[in-house]
Structure formats: structure tokens, C-alpha cells
2 protein chains.
Amino acid sequence: MKEKDIFIRFLSDRGLRMTNQRGLILDAFLGTERHVSPEELYGLVRRKDGTIGQATVYRTLKLLTEAGLAREVDFGDGVLRYEHSYGHEHHDHMICERCHRHIEVVDERIEELQERLAKKYGFVLTGHRMYLYGICSECRRRKA
Amino acid sequence: MKEKDIFIRFLSDRGLRMTNQRGLILDAFLGTERHVSPEELYGLVRRKDGTIGQATVYRTLKLLTEAGLAREVDFGDGVLRYEHSYGHEHHDHMICERCHRHIEVVDERIEELQERLAKKYGFVLTGHRMYLYGICSECRRRKA
DNA sequence: TATCAAATGATTTTCATTATCAACAATGAA
DNA sequence: TTCATTGTTGATAATGAAAATCATTTGATA
Ligand SMILES: [Mn+2]
Ligand SMILES: [Mn+2]
Ligand SMILES: [Zn+2]
Ligand SMILES: [Zn+2]
């Protein structure tokens, strides 16, 4: 598995070790395509190893983020979520305010305009967060 | 003051009352152009009335938001901030990751593309949050 | 094997925000 | 005015996510 190798490499580069727990957490993380909260992931990992501590889940998610395997997603609801980063290009999110369904979107023209906007104000961009909130077609149909 | 009238109208429409505390909090809020956290505003209001409670500040900021006078801003640093909404059109934020300075920006073309992107996926937009993170010219100069 | 840093899980702590609640104040019939 | 009703407030407790603490265990290596 490519990701595990990357993680091991990342760890050893910083004098850290691959452990059983970290392996389980990585596997659980890779095993879901959801935007998963530490708490949710803790629930998943627990099924494989009931003795794992939730602090370890928090800690490992931070490490995965630094290793470039995970990415933090903040929908603004008070919980931090994580999504796959390796092999998953940057994208933004569109969220339905009624059913909380969300889809991943990218618009290259927007990305380009963001760069230009930054340049206009003398900024060099390091990243951005864009969340589009609305009502999905499902929910609009249901209401009608 | 236009804003105070709006607030009074908003309150009475919902069977609520304008009070001394709410008036002070509104004044303090209008008196600053910063993106202010409840805690910061609490500090400001306290100078005028040392007996005011911070719960009242939290409560009033929620009310101001519902009344369309304030708007929540979430820079993702764990504190919710509020900015003026009345007479201040929508805008997005560009934040320097080094000095935390931030400027307000709008790009009509981006706004337009966001609408189109939403339509493409069957969403009707109700709002969006866009934060551009980067390094400002000041900070880049300082480093060099 | 002895040493020492890293890792873990349980637990406590922090911090922002919300809920609770008793005391108080405004409103508006009667 | 009196009285009941309802909104308001401030102090305080509760909540919930995340981070810090710490004693103990584990692993690498000299
Ligand atoms: Mn995503
Ligand atoms: Mn602003
Ligand atoms: Zn929906
Ligand atoms: Zn700067």
C-alpha cells in the first residue's frame, strides 16, 4: 500500500515509529471515503481494537495531515473532519443546508481568479477554503 | 441612528424588548470596525458598564445577527467573530498566515462563477464562505 | 542487556459556547 | 394601582471538542 509506505517514510524521517495503533488508524481512515471526524474514526478503529485510546486517534490524524495523507475540513459546525489527501486533488465543498449532503467541486476559473485576486493585493497564496451553502435539488423537490 | 431603529423594530416584531444592556452592546459593536469576538466585545462593553454579564453579550450578538446587523465570521481559529452587516455588502477575506492581518475582498467574477457552479449541480445557493490564506507583501519583505 | 526516547491510554484541563435558574423588570389587563 | 405574565439578566454550571499531562509500556540501539 502506497500510503502506508509514505507514512512510514514520514515517520522515520522525523525519528518516529510506525506502530500497531497507527497502522490500524491509517487503515480505518483509508477504508472510508467519508469526511470523518476524530470521534467517528475512533468508533471505527475501536471495532478492530477495543483498547485503543481516543487521544491516539487525535494524535495520529494530526500526523497523517502533516504527512500529506489527510486534509482537515472545517464545515463550520464545530467538529473538525478529515478527508483523504493523497491522490485526491484539491477541491472545494458544496453543502446542502437542509440534508447536509455535500459534494466536492472544483472550478479552475475560480482557482485562477483567486490567484489573481491575491496578486492584486500583494499576497502569495498558500491555500484557501471555499464552502458553498445552498439547497440541493432533492430537498427542493421534496418541499414542492 | 439607523441601526438602533432596526434593532428595536426587529425586537418588537418578536415580542422582545430593547434594554439598556442591548443598547450598550450594540453601541460598542458599531463603535469598532474590527472583526470582534464576543470576548473582545465583552471587554469593550465592560468599560461602560462593569456589571454586564458575558452571557448577555453572546446572546445579543446572536440577536444582532438575526436582525441583519451583524454577520458571523469564522477564520477557523476556534473563535467566532462578528462584523458589521448593515450597510456592509458581502465580501470575502484574505488572511496573512504570518501576521494575521486580513483584508476584505470581493471579485464579482468569482461570485458569478460560484452561482453557475451551484446551478450545474442543482443547488440554489444561500451563501458561501471563502477565505484566502497566504503571506502578505509586508511579511515577505520582512523575511527578505 | 541497559539505556533512553518515543508511544500509549487514562485522565485531567482548557476554552468557547450554551443551558439553567433565581431574581428582577416591563407590560398590560382587571 | 394591583397583579399576573412574560421577557431579561447575571452568575454559575454544563457541554463538547481538542489538547495537555503523566505514569507506564514499548522499541531501537549501543
Ligand atoms: Mn472533500
Ligand atoms: Mn469582513
Ligand atoms: Zn439537501
Ligand atoms: Zn503578513
Side-chain angles (χ1 to χ4, degrees), chain A residues 4 7-29 35-67 70-82, chain B residues 4 7-29 35-67 70-82:
Chain A
K4 188 154 276 176
F7 196 34
I8 291 171
R9 165 74 54 94
F10 165 83
L11 290 171
S12 79
D13 279 358
R14 325 217 330 188
L16 307 176
R17 305 164 189 150
M18 173 50 96
T19 65
N20 214 6
Q21 289 93 326
R22 284 172 179 165
L24 282 173
I25 292 166
L26 176 55
D27 288 343
F29 174 66
H35 295 78
V36 74
S37 70
E39 214 56 43
E40 284 166 349
L41 192 60
Y42 178 45
L44 292 174
V45 177
R46 244 179 170 174
R47 299 216 286 255
K48 302 284 178 187
D49 175 357
T51 74
I52 216 155
Q54 77 187 123
T56 304
V57 176
Y58 275 96
R59 285 189 282 238
T60 304
L61 280 169
K62 290 284 178 210
L63 288 173
L64 291 176
T65 302
E66 291 177 61
R71 204 185 283 135
E72 295 185 348
V73 187
D74 177 8
F75 288 159
D77 64 345
V79 229
L80 207 54
R81 289 162 211 283
Y82 293 84
Chain B
K4 190 156 274 176
F7 195 35
I8 292 171
R9 166 73 54 94
F10 166 82
L11 291 170
S12 79
D13 280 357
R14 324 214 336 185
L16 306 176
R17 305 165 189 152
M18 173 50 96
T19 64
N20 212 6
Q21 289 92 326
R22 283 172 181 166
L24 283 173
I25 292 166
L26 176 55
D27 290 344
F29 174 66
H35 294 77
V36 73
S37 70
E39 214 55 43
E40 284 165 350
L41 193 59
Y42 178 46
L44 292 175
V45 177
R46 245 180 170 173
R47 300 217 285 254
K48 302 284 178 184
D49 175 358
T51 73
I52 215 154
Q54 77 187 124
T56 304
V57 176
Y58 274 95
R59 284 189 284 238
T60 304
L61 280 169
K62 289 285 178 207
L63 288 173
L64 291 176
T65 302
E66 291 179 60
R71 206 185 282 134
E72 295 185 347
V73 187
D74 178 8
F75 289 160
D77 62 348
V79 230
L80 207 52
R81 288 163 212 283
Y82 293 85

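A, B, ... follow the sequence lines: proteins, then strands. Residue 1 opens every chain.
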Indicate whether OP1 or OP2 belonging to [N] is found under 4.0 Å from a side-chain N or O atom of [X].
{"X": "B:R22", "N": "D:dT8", "value": "yes"}
{"X": "B:T19", "N": "D:dT9", "value": "yes"}
{"X": "A:K62", "N": "D:dA18", "value": "no"}
{"X": "A:Q21", "N": "C:dG9", "value": "yes"}
{"X": "B:T56", "N": "D:dT9", "value": "no"}

Can you tell me how far [atom2] of [N] sits from [atom1] of [X], to the nearest Å?
{"X": "A:D74", "N": "D:dA17", "atom1": "CG", "atom2": "P", "answer": "14 Å"}
{"X": "A:L11", "N": "C:dA7", "atom1": "CG", "atom2": "P", "answer": "7 Å"}
{"X": "A:L80", "N": "C:dA16", "atom1": "CG", "atom2": "P", "answer": "17 Å"}
{"X": "A:D49", "N": "C:dA7", "atom1": "CG", "atom2": "C1'", "answer": "14 Å"}
{"X": "B:I25", "N": "D:dT8", "atom1": "CD1", "atom2": "P", "answer": "12 Å"}
{"X": "B:I8", "N": "D:dG7", "atom1": "CD1", "atom2": "P", "answer": "19 Å"}
{"X": "B:Q54", "N": "C:dA16", "atom1": "CD", "atom2": "C1'", "answer": "9 Å"}
{"X": "A:L16", "N": "C:dT8", "atom1": "CG", "atom2": "P", "answer": "10 Å"}

Side chain of B:V79 (C-beta onward), nearest among D:dA18, D:dG10, C:dT17:
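Nearest listed nucleotide: C:dT17.
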Start at the 5' end of DNA chain C and walk down; is the nucleotide closest to B:R59 or to B:G78 reached first?
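That would be B:G78.
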With a 6.0 Å cut-off (strictly less than), is the heavy-atom count around CG of B:D77, excluding the residue itself, greater than 12?
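Yes - once you tally the heavy atoms of other residues, nucleotides and ligands closer than 6.0 Å, there are more than 12.
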